[in-house]
2 protein chains.
Amino acid sequence: MSARAHRPTIKEVAQHAGVSPMTVSRTLSGGLNVKPDVQERVLAAVADLGYHRNENARSIRPGHSSGLIGVAITNIANPYYSTFALGVEEEAALTGRRILLGNTSEDADRENALVSDFLGRRVEGLIVVPASTDADHLAASQQQGVPVVQASRRIDGLDADTVVLADDDGAHRGASALIDAGHTRIGYLGNTLSIFTGRRRHAGFVRALEERGIPLDPALIAAGQQTVDQAREATRAMLRMKNPPTALFCANNRNAIGALKEINRQLGSGIKPVSEYPEIMSFDDFELAELSPVPISVIDHDPRELGRTAARLLLDRLDASGDGGEAREVELPVQLRMHLR
Amino acid sequence: MSARAHRPTIKEVAQHAGVSPMTVSRTLSGGLNVKPDVQERVLAAVADLGYHRNENARSIRPGHSSGLIGVAITNIANPYYSTFALGVEEEAALTGRRILLGNTSEDADRENALVSDFLGRRVEGLIVVPASTDADHLAASQQQGVPVVQASRRIDGLDADTVVLADDDGAHRGASALIDAGHTRIGYLGNTLSIFTGRRRHAGFVRALEERGIPLDPALIAAGQQTVDQAREATRAMLRMKNPPTALFCANNRNAIGALKEINRQLGSGIKPVSEYPEIMSFDDFELAELSPVPISVIDHDPRELGRTAARLLLDRLDASGDGGEAREVELPVQLRMHLR
DNA sequence: CTGTTAGCGCTTTCAA
DNA sequence: TTGAAAGCGCTAACAG
């Protein structure tokens, strides 16, 4: 537990090795034009003192960057986002970069503060799952040469690289499959339409119904649940209807899990047989979905790949050093995995 | 997508506001001894130029620190660890600090490299879920005045603040409860005994059996599964025994989920009724545990609180500025939630 | 091959 | 209340 409370500097290493700081610097940067035996002495001194080159000092020199990527996501604890973060981390680590991770809790103000803080720490770029609908802070970042990648969601009017899922297409295919299976009363559970993915998935869902001439019953639309508990409550309300839905379309894993929990709870009280509960279509796969008492189909995708792709878009731009051109937009495909009655 | 590729410095702000850099610095540090109207002018310039104080440059000045906490965990995608990371992030954010997050993938070399990198970036402290059994790199960090908190696991011979779960006690209580319920053939599924928690939970389990005079059948001990798939395979092997266990003790969520998946799969083929499958005791709660076809009891705890506690131990030490004294050891309690046949 | 000088962006110290 | 000088740790550019 003893603390020397002092971290050696390049000067001390130099002194220890009997050379100038420049020789230490050169040795640590690959050793060009440093005699092998001198290098050895330097490295020995480095090891002796436990020296670590100060990256912050380095980063203020012209031509040097921080090696930091700022990552702002809405909920670290949600497996979808943590897996996304893993993908970013892995890809960044391949180039020796590290991630500064911040949680926005779906709060635009916190996102603003986070981005501002990240810029102060001289991140090379930002990867953001926008909680905000406002482009200003991110546009400002780009104007200062700090590229932004928006992942999973897109902000209107932000001209930045984007990677999103095929939300509309996936939802459309999922809902269509339910209709194909004969469902006409399909409940919708999703997060608020003010969120990009919520809006797109809802749109795909609605489009499928319209195409097939199925009337849209407002009582069957519950958009606004951000948590599992809220989703459970919304499900409860829907199942209480005199003419309840025969299928539930869940626009994300929080809502699917909430629906499952509620159905499972009601099954426990044994009022109705399983066959009278709605089957489920979930946008997002999740662990243990297979234990569902009612058939559950999944609109599946890979959040890790989403993270990797976001990182690659950013790293591309960093290595292309300079403007790099047009904002790119990637839409990752989703895969429908059916499991119906 | 236009990039000015330039971030304003304090000098430019000063020029823009018609003052010296010092006045800008003072204004940004609270405005002591700066006339209000001058402050206004400075802040206007800051806003105009989109200036963000360079924290890296700041941090190299004596007396200033980076405001960075290095967090190294073994698997970001595991909800247990991501929730842990959330706890750390929240607590760090309360003091204006950010976290540098790295994934070790349970690899000691990667942990070493990560810690080294973190030290180079002048983190104020480290929070580590050790993948390594070697104390050297972390001890070295402490010697240089960078405190370390080890979370969830403890490394022998590392004199650092520690927060762990009541692994032994929890496992002991869980196993005892199974024995109380009449089980004598209890299968053990856990990760390798070379990992701290694996060892402790196994020890608590074994102790419970020994206390009750229940012989330890080596065929019922499977320690070494790190992934859900490995756990599934181990479960399969155990259920194939001619005299299979009547209960499974799962030492973490990966193993519990693997066991559940295997049991669920076998149920699908309808060879045996549910009642003939083992019930489960899981160290770690997890989402949708309640959907288990067999009764599942849980040794529950709060990974977010684990993260918060780890962060507080570290922040305490940072704010106590100086050695701060003895290494502290916190053992967070676990809670048994029974659900048996 | 090695060292000296200068300066990155910032703030502490001292002077005005 | 403000500014000038100096230096944090590091490394390009230049000298030797």
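Residue numbers begin at 1 in each chain, while the letters A, B, ... track the order of the sequences. Values in this document were obtained by computation on a predicted structure and should not be read as measured data.
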query = Can you check side chain to side chain donor-acceptor pair (under 3.5 Å) on B:Glu12 and B:His6, steps first, answer last?
reply = CA-CA 11 Å; B:Glu12 294 169 62; B:His6 176 70; 2.8 Å; yes

task = Using a cut-off of strictly less than 4.0 Å between a heavy atom of the residue and any atom of DNA chain C, enumerate the qualifying residues of residues 62-70 of chain A by number.
result =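 Close to the strand are A:Pro62.
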
request  = Specify the residues of residues 51-60 of chain B, ordered by number, for which at least one heavy atom lies under 4.0 angstrom from an atom of DNA chain C.
outcome  =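 Residues of residues 51-60 of chain B under 4.0 Å from DNA chain C: B:Tyr51, B:Arg53, B:Asn54, B:Ala57, B:Arg58, B:Ile60.
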
All N/O donor-acceptor pairs, side-chain side in residues 69-81 of chain A, below 3.5 Å, sequence neighbours left out:
{"unit_1": "A:Asn75", "atom_1": "OD1", "unit_2": "A:Ala77", "atom_2": "N", "d": "3.1"}
{"unit_1": "A:Asn78", "atom_1": "OD1", "unit_2": "A:Tyr80", "atom_2": "N", "d": "2.9"}
{"unit_1": "A:Asn78", "atom_1": "OD1", "unit_2": "A:Asn253", "atom_2": "ND2", "d": "3.4"}
{"unit_1": "A:Tyr80", "atom_1": "OH", "unit_2": "A:Ser152", "atom_2": "OG", "d": "3.3"}
{"unit_1": "A:Tyr81", "atom_1": "OH", "unit_2": "A:Arg153", "atom_2": "NH2", "d": "3.4"}

I want to check something: taking the side chain as every heavy atom from C-beta on, are [X] and [Y] in contact at a cut-off of under 4.5 Å?
{"X": "A:Thr162", "Y": "A:Val330", "result": "no"}
{"X": "A:Ser66", "Y": "A:Glu55", "result": "no"}
{"X": "B:Val129", "Y": "B:Gln150", "result": "no"}
{"X": "A:Arg122", "Y": "A:Leu68", "result": "no"}

message = Contact list please: residues 112-125 of chain A against DNA chain D, heavy atoms, distance less than 4.0 Å, in numerical order.
response =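 DNA chain D contact set from residues 112-125 of chain A: none.
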
task = Specify the residues of residues 11-36 of chain A, ordered by number, for which at least one heavy atom lies under 4.0 angstrom from an atom of DNA chain D.
result =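 Residues of residues 11-36 of chain A that come under 4.0 Å of DNA chain D are, in numerical order, A:Lys11, A:Met22, A:Ser25.
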
task = I would like to know whether B:Glu91 and B:Leu315 meet side-chain contact (heavy atoms from CB on, under 4.5 Å); could you show each step before the answer?
result = CA-CA 9 Å; B:Glu91 205 68 31; B:Leu315 295 168; 4.1 Å; yes

Looking at [Y] and [X], is any side-chain nitrogen of the basic one under 4.0 Å from a carboxylate oxygen of the acidic one?
{"X": "B:Glu89", "Y": "B:Arg308", "result": "no"}
{"X": "B:Arg41", "Y": "B:Asp37", "result": "no"}
{"X": "A:Asp117", "Y": "A:Arg121", "result": "yes"}
{"X": "B:Asp319", "Y": "B:Arg97", "result": "yes"}

message = Tell me whether the count of non-hydrogen atoms from other residues, nucleotides or ligands lying under 6.0 Å of CD in B:Glu106 goes above 12.
response =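 Counting other residues, nucleotides and ligands, CD of B:Glu106 exceeds 12 neighbours.
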
message = Is it the case that over 12 heavy atoms from other parts of the model lie below 6.0 angstrom from the CD atom of A:Gln15?
response =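 No, the 6.0 Å shell around CD holds no more than 12 heavy atoms from other groups.
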
inquiry  = Treating A:Ser29 as the side-chain partner and A:Arg26 as the backbone partner, does any N or O pair qualify as donor plus acceptor under 3.5 Å?
reply    =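 No.
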
task = Let me see the working for A:Leu306 and A:Leu332 under side-chain contact (heavy atoms from CB on, under 4.5 Å), right down to the final yes or no.
result = CA-CA 7 Å; A:Leu306 193 73; A:Leu332 294 182; 3.6 Å; yes

task = Please round to 10 degrees the angle between the axis of the first five pairs and the axis of the last five pairs in the helix from C:dC1-D:dG16 to C:dA16-D:dT1.
result =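 Axis-to-axis angle, ends of the helix: 40°.
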
query = Atom CZ of A:Arg61 and atom C1' of D:dT11: how far apart are they, to the nearest Å?
reply =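 Rounded to the whole Å, the gap is 4 Å.
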
